[in-house]
**Student:** 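Pasting a structure here, questions to come.
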There are 2 protein chains.
Amino acid sequence: MKVTARLIERLSTYRRNLQRQIPGAKTRIYSHELAALVGETPALVRRDLMTIGFTGSPAHGYDVPGLIAKIAELLDPPGGAGIALVGVGALGRAILRYFHRVHPEFRFVAAFDTSPDKVGQVFDGCPCHALDDMEATLRQKLIAFGVIAVPADAAQVVATRLVRNGVRALLNFTPERLQMPPGAYVEDVDLAASLEKVVFFGRLGATHAACPGADMAGPESCAANQDAYASDLPSANS
Amino acid sequence: MKVTARLIERLSTYRRNLQRQIPGAKTRIYSHELAALVGETPALVRRDLMTIGFTGSPAHGYDVPGLIAKIAELLDPPGGAGIALVGVGALGRAILRYFHRVHPEFRFVAAFDTSPDKVGQVFDGCPCHALDDMEATLRQKLIAFGVIAVPADAAQVVATRLVRNGVRALLNFTPERLQMPPGAYVEDVDLAASLEKVVFFGRLGATHAACPGADMAGPESCAANQDAYASDLPSANS
DNA sequence: GTCACGCTGTGAACTCATTCACAGTATAGC
DNA sequence: GCTATACTGTGAATGAGTTCACAGCGTGAC
């Protein structure tokens, strides 16, 4: 089974979108339906499900609960993942709140910050420790995953401390490229670069009539779904 | 010039990392130096600069201020971009604060929320309006870019309203796949999927010794830079 | 019972992105 | 001035990732 990051990302959205359907309304789904749900092609959906070894039937498509279970088996760690957050600033707190409310399956079991008035507080169920307690806390709670939401200059230092104490993968909100030992994984979320893309392609779409096709080609969602826009959407006026 | 989203993303990080260097310390840079700075290959850096039509000299490499200027010319809209935020919850406020502090070049000129106690307030320099004022405000301030940080169910409705009133590109923090008219651009930031990747590949790295190479191949940063880790890093103990 | 349909599973084709590899060239050293 | 060096610019090779296209099959209609 060749597992790429893109595949994991898509599996995650498959599951999320399947769960979002009214439960029980549809216990089976065709590749083209799931594809429409997540904005991919039916062929890719079929290939992905083939890749993870989940098979459907030509007659009824794929079994929804079974697929959700299969994805869970693949993605979810057996005991539930304990995650640490470093940096309880505005971004850090937003992350804690967001996951606490929307994705409680990700358990943030410890946060770390330098600020004395944050240490000791509990943010959305996650206790904030002093940075000095990091080593002890990480080892005691067997934390294997970390989220870095500190200023860029501190990122590498923090990352190094995390991986030295059992953390094996990081979500990095810093623009810094982190040096990691082999085997460790870093997923970067670069908000500035993302917004930069928005501004660039938005400007493009304005000038030329086009994102797609000709010359300066915009990607992804850009003009995907040329069909069925406009009038027959959930109306939003007034 | 064939411009892809990946290219824009890299250009953004090239610039950010060049600017982060002590100004004036280095007015020229070689492709392999820039590559090391951003975690890419020298060949890709050269290809990217070639793509945007920026040339260096074999003797001295690329001119740093010139390159920064060239990227700015390409990425930055002439008048500065006016951006709107919809959804001033925890995530929305964090976004406002983050960009206000770290990237003030992105000007958030209006925010929108349903909650009456937020309307009228100013968050990090960005005034919050009622959702009903969206149409007027967007048109009056000529806002062309939007950031969606509302609950998933509201995302499509909000997106539709935005693009109907002049917004041409969106940054979408919702897992919802937005239906857009052709020419409009959506950049998705899926925090749950990102964390899911972290958990998955972190777990992999634990079990097998490997992310790279064999069989279940992890991507990106995973074990990139096997060199120079460990002891000679900015020390972080105690 | 038989037929036609529409779906899955998948090898092969294709497209896009990255890396290789080297010709061309400007400098520094001798 | 001439040679060795180290880099850029870029066509070609490679390698992912995605889509095509179709064989195979279970189901519903008649």
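Residue numbers begin at 1 in each chain, while the letters A, B, ... track the order of the sequences.
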**Student:** Tell me every residue that passes ring pair (Phe, Tyr, Trp, His ring centres under 6.0 Å) with B/His32, counting only those two or more places apart in sequence or in another chain.
**Tutor:** B/Tyr30
**Student:** Under 4.0 Å: is that the gap between some side-chain N or O of B/Tyr30 and OP1 or OP2 of D/dG9?
**Tutor:** no
**Student:** Among residues at least two apart in sequence or on other chains, which ones pass ring pair (Phe, Tyr, Trp, His ring centres under 6.0 Å) with A/Phe106?
**Tutor:** A/Phe99
**Student:** Measure CZ/A/Arg28 against P/D/dT27 and give the value in whole Å, please.
**Tutor:** 10 Å
**Student:** Can you tell me if B/Gln156 and B/Thr160 form a side-chain donor-acceptor pair at under 3.5 Å?
**Tutor:** yes
**Student:** Can you tell me how far C1' of D/dT10 sits from CE of B/Met50, to the nearest Å?
**Tutor:** 6 Å
**Student:** May I ask you to verify if any side-chain N or O of A/Lys2 is less than 4.0 angstrom from the OP1 or OP2 atom of D/dG17?
**Tutor:** yes
**Student:** For A/His32 and C/dT8, give me the distance from atom NE2 to atom C1', rounded to whole Å.
**Tutor:** 12 Å
**Student:** Only counting residues at least two apart or in another chain, list the ones meeting side chain to side chain donor-acceptor pair (under 3.5 Å) with A/Asp190.
**Tutor:** B/Arg16
**Student:** Under the side chain to side chain donor-acceptor pair (under 3.5 Å) rule, what pairs show up with a residue in residues 33-48 of chain A, not counting sequence neighbours?
**Tutor:** A/Arg10-A/Asp48, A/Tyr14-A/Asp48, A/Lys26-A/Glu33, A/Ser31-A/Arg46
**Student:** Take the protein atom CG of B/Leu49 and the nucleotide atom P of D/dT10, then report the distance between them rounded to whole Å.
**Tutor:** 12 Å
**Student:** For nucleotides 18-30 of chain C, give me one character per nucleotide, 5' to 3': B if any protein heavy atom sits under 4.0 Å from the base, S if the only such contacts are to the sugar-phosphate, - if neither.
**Tutor:** SB-B--B-SS---
**Student:** Do any pairs count as a ring-ring contact (aromatic ring centres under 6.0 Å, His included) and have a residue in residues 42-62 of chain B, sequence neighbours left out, and if so which ones?
**Tutor:** none
**Student:** Atom CZ of A/Phe54 to atom P of C/dC7: distance rounded to whole Å?
**Tutor:** 18 Å
